[in-house]
Student: 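Please see the structure below; I have some questions.
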Amino acid sequence: MKSIAVVGSYNTGLIINAPRFPKVGETVAGRDFRETPGGKGSNQAIAARRLGSEVSIIASLGKDKYGDEAIELWEREGLMHEHVKRTETHTGVGFVIVSSKGENMIVIDPGANLKLYPEDIQSASETIEEASVLLMQLEIPVETALFAAKVAKRKGVTVVLNPAPAQQIRRELLSLVDVLTPNRVELEAITGERDIEKGCEKLYKAGTRNIVVTLGEEGCFFYSGRRKEYFKTARVKVEDTTGAGDAFNGALAVALSEGMEWDEALVFSNAAGSFCVTRKDVIPSLPRRKELENFIRRRMPHIRPSLKSL
Ligand code: RIB
């Protein structure tokens, strides 16, 4: 089985459903308060594992209840976690508001996630070198992501970077990335461009070989220099969009590690994102392989009827 190494975050989500987002200075009464596992690194690692890959997570947690819960979750999900460190700083937390339209607003305090250092990556370098894909996000220090990308590139491991949360990214890192997966906001933060094609062009010139811009219900846009193409996704009833990007990225890493062609890989990833928004919270919304294949067969036959694996 092809393996995926995820260098990334864990956050416990403190979630409230609200009829709408509050205005500045306003209090809105919500309901259904819950604590749920999250963090883009952990979410994407679980997404990839459920779709059939062997996945190692390299992360940093606090020595607290939330950190213990993360380890229990990864055990249950079958993630390899021998390179997870525990620090005196609290485990990352995210305050999440979900509106009645299923949209979300999130504020995170990264805590222990910011204590994941390049030397921790050095200790895990074998795991990264043996993987077929290194999958990262930016809820950890950029220096750490850069170091991990260098380790991966030395051995020809495919580097996928989901540049979330939105921020500027140094050219040095961009040039090491095989596949960058910004959403529109992130694309603009990195390139200063609102126009999707122009933004991708800038990234390509900076050395990123492939760019996949995730577009929510519109699917995604793929750019690889010569090829520029929109990929539609299934129309679904939205319950909660939290984690849709994570489902997409986890699926993309699986597709690339299995050697799927881009057309197939992007349908697979779009489907995972669409599936995810139909359910509440992130972990219960990440599909297993059979569920995703059934979803593609039933909900997306008109989009790409000729998927090889189905
Ligand atoms: O992508 C969704 C995730 O982003 C949430 O789980 C939250 O923890 C934030 O990290």
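Hydrogens, waters and symmetry mates play no part in the numbers below; they use all other heavy atoms, side chains included. In each ligand, atom 1 is the first atom listed, and ligand 1 is the first ligand listed.
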Student: I'd like to check whether Thr242 has a polar contact with ligand 1, where a contact means an N/O of the residue lying under 3.5 Å from an N/O of the ligand.
Tutor: no
Student: Which protein non-hydrogen atom lies closest to atom 8 (O) of ligand 1, naming both residue and atom, and how far is it?
Tutor: Gly39 N, 3.0 Å
Student: Please report whether ligand 1 has a polar contact with Gly94, defined as an N or O pair separated by less than 3.5 Å (distance criterion only).
Tutor: no
Student: Please determine if Glu75 and Arg49 form a salt bridge, counting it only when a charged side-chain N lies under 4.0 Å from a carboxylate O.
Tutor: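 A salt bridge is absent here (no side-chain N lies under 4.0 Å from a carboxylate O).
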Student: Are Arg86 and Asp68 close enough for a salt bridge, meaning some N to O gap below 4.0 Å?
Tutor: yes
Student: Hey, is Glu77 close enough to Arg50 for a salt bridge, meaning N to O under 4.0 Å?
Tutor: yes
Student: Please work out which of the three classes, parallel, tilted or perpendicular, describes the rings of Phe295 and Phe275, given edges at 30° and 60°.
Tutor: perpendicular
Student: Specify the protein heavy atom at minimum distance from atom 2 (C) of ligand 1: its residue, its atom name, and the distance to 0.1 Å.
Tutor: Asp246 OD2, 3.3 Å
Student: Does a side-chain N-to-carboxylate-O contact under 4.0 Å join Lys150 and Glu172?
Tutor: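 Salt bridge: yes.
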Student: Which of the atoms of ligand 1 are close to Gly38, meaning less than 4.0 Å from one of its heavy atoms?
Tutor: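 Result: 6 (O), 8 (O).
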Student: Between Tyr223 and Tyr204, what is the ring plane arrangement, given parallel below 30°, perpendicular above 60°, and tilted in between?
Tutor: perpendicular
Student: Backbone, side chain, both or neither: what part of Val96 comes under 4.0 angstrom of ligand 1, heavy atoms only?
Tutor: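 Val96 to ligand 1: no contact under 4.0 Å from either part.
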Student: Distance to 0.1 Å, residue and atom name: give those for the protein heavy atom nearest to atom 4 (O) of ligand 1.
Tutor: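 Closest protein heavy atom to atom 4 (O) of ligand 1: Lys40 NZ, 3.1 Å.
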Student: Could you check atom 9 (C) of ligand 1 against the protein and tell me its nearest heavy-atom contact, residue, atom and distance included?
Tutor: Glu139 OE2, 3.5 Å
